[in-house]
Protein chains: 2
Amino acid sequence: MKNQRLEAIKDIITHTKVGSQDEILMHLNERGFTLTQATLSRDLKQMKIAKVPNDQGGYIYTLPFVSSRDTYILKENKSTSVTEITIEFSGSLAVLKTKPGYAGGIASDIDSGAPEEIIGTIAGDDTILLIPKEGVTRSRIIETLSIIIPNIKIV
Amino acid sequence: MKNQRLEAIKDIITHTKVGSQDEILMHLNERGFTLTQATLSRDLKQMKIAKVPNDQGGYIYTLPFVSSRDTYILKENKSTSVTEITIEFSGSLAVLKTKPGYAGGIASDIDSGAPEEIIGTIAGDDTILLIPKEGVTRSRIIETLSIIIPNIKIV
DNA sequence: ACCATGAAAGTATAAATATGCAACATATAT
DNA sequence: ATATATGTTGCATATTTATACTTTCATGGT
């Protein structure tokens, strides 16, 4: 019930330009959800959705940090294996495969979570190219990534 | 005058955890700026600073989109080097880190500017993987890139 | 079955934020 | 020099958003 609403909110946020909670509320009503602004405010807080100034001189609600979105999905959706993530090495590089659309978010989690081990990442839609620092072993990388991605699978 | 204030705001935002405009206002007062909440609200809007929910169950003001910040810096601060770009080598590859969103643009600058030295580039959002031609030395690459990116920093 | 516990949501309101308007300053043009 | 435009700010207030408090509902334990 609530989860469906959260999904709807995310959908509204990402597909339409909304500048106030009342606007979001109206969209939710159209979709058959009845709730008050108070509840919406709490939902937005939980999903870390924020109202940010935009270029057109107004404000717009957005999911500002990908990592936040991931946290949210992971939290709400424990049962399904959102994070079937695999890693495979090739030479000095590693390639991670994720669910479609998740590469960017996870890559930035890695970027911020393993700065000692990696030089950088490049993310497509479902693939992450991971460039380790020179001298960092594969096992060290796996060790560190396991903290960021607990159920990572080595291919 | 106003610019100094904007700088101070940015500094406060990035270095301390503030959760309301009144808090920011107090910090500004300590630094000798006198202004009202109304003005601060306008400043924040201009700089696209937003209040976003954080992990600790509260809210925090941040510069949510780096691109916005860059726009702002470009506007306010033309002279300074917006593009802090670093390069690091790993094996036969090089990885450049740029400000988020700039990788594509810079990569194509490199593509067109150093065809003798590189095979190609792959750009993510803030990372460029640079594949040099066989036999090209690291110093040669740096030499060439320095022409394209004058203030590139070697890690 | 009964109670405790906790999540979820509404109500009312506090708190926080945005903005219309007027005043003033500074620049630009006539 | 005067007029016109442009930008910045405070004041007051409207609007918007967050939350304390309460009720309800579901769940698990005894």
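A quick note: this is a predicted structure, and the numbers were derived from the prediction, not measured. Heavy atoms only: backbone and side chains are in, while hydrogens, waters and symmetry mates are out. Just so we're on the same page: letters track the sequence lines, and every chain starts at 1.
Counting all heavy atoms, side chain and backbone alike, Ala8(B) lies closest to Phe33(B) at CB-CE1, 3.6 Å. Looking at every heavy atom in both residues, Ile131(A) comes nearest to Ser90(B) through CG2-CB, 4.1 Å.
Applying the 4.0 Å criterion to OP1 and OP2 of dT17(D), one finds that Lys45(A) has every side-chain N and O outside that range. For Tyr61(B) and dT17(C), the shortest distance from a side-chain N or O to OP1 or OP2 is below 4.0 Å. Contact check, Gln21(B) against dA15(C): no side-chain N or O comes under 4.0 Å of OP1 or OP2.
Screening Thr137(A), Ile119(A), Ile141(A) for a side chain to side chain contact (heavy atoms under 4.5 Å, CB included) involving Pro132(A) leaves a single residue, Ile141(A).
The side chain of Tyr59(B) lies closest to dT19(D) when the candidates are dT19(D), dT17(C), dT17(D).
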Please produce a list of atom pairs where a protein N or O lies less than 3.5 Å from an N or O of nucleotides 24-26 of chain C.
none

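The residues Glu7(B) and Lys10(B) are annotated as salt-bridged, a charged nitrogen and a carboxylate oxygen being separated by less than 4.0 angstrom.
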Sugar-phosphate means primed atoms, P, OP1 and OP2; the rest is base. With that split, encode nucleotides 5-15 of chain D 5' to 3' as B, S or - using protein heavy atoms under 4.0 Å.
---SBBBB---
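Within the nucleic acid shown, Ser41(B) comes within 4.0 Å of at least one base atom, counting heavy atoms only.
Between the side chain of Ser41(B) and the backbone N or O of Gln37(B), no donor-acceptor pair lies under 3.5 Å.
Put simply, Val95(A) and Val95(B) are part of the same group of oily side chains (I, L, V, M, F, W, Y) that touch within less than 4.5 Å, one to the next.
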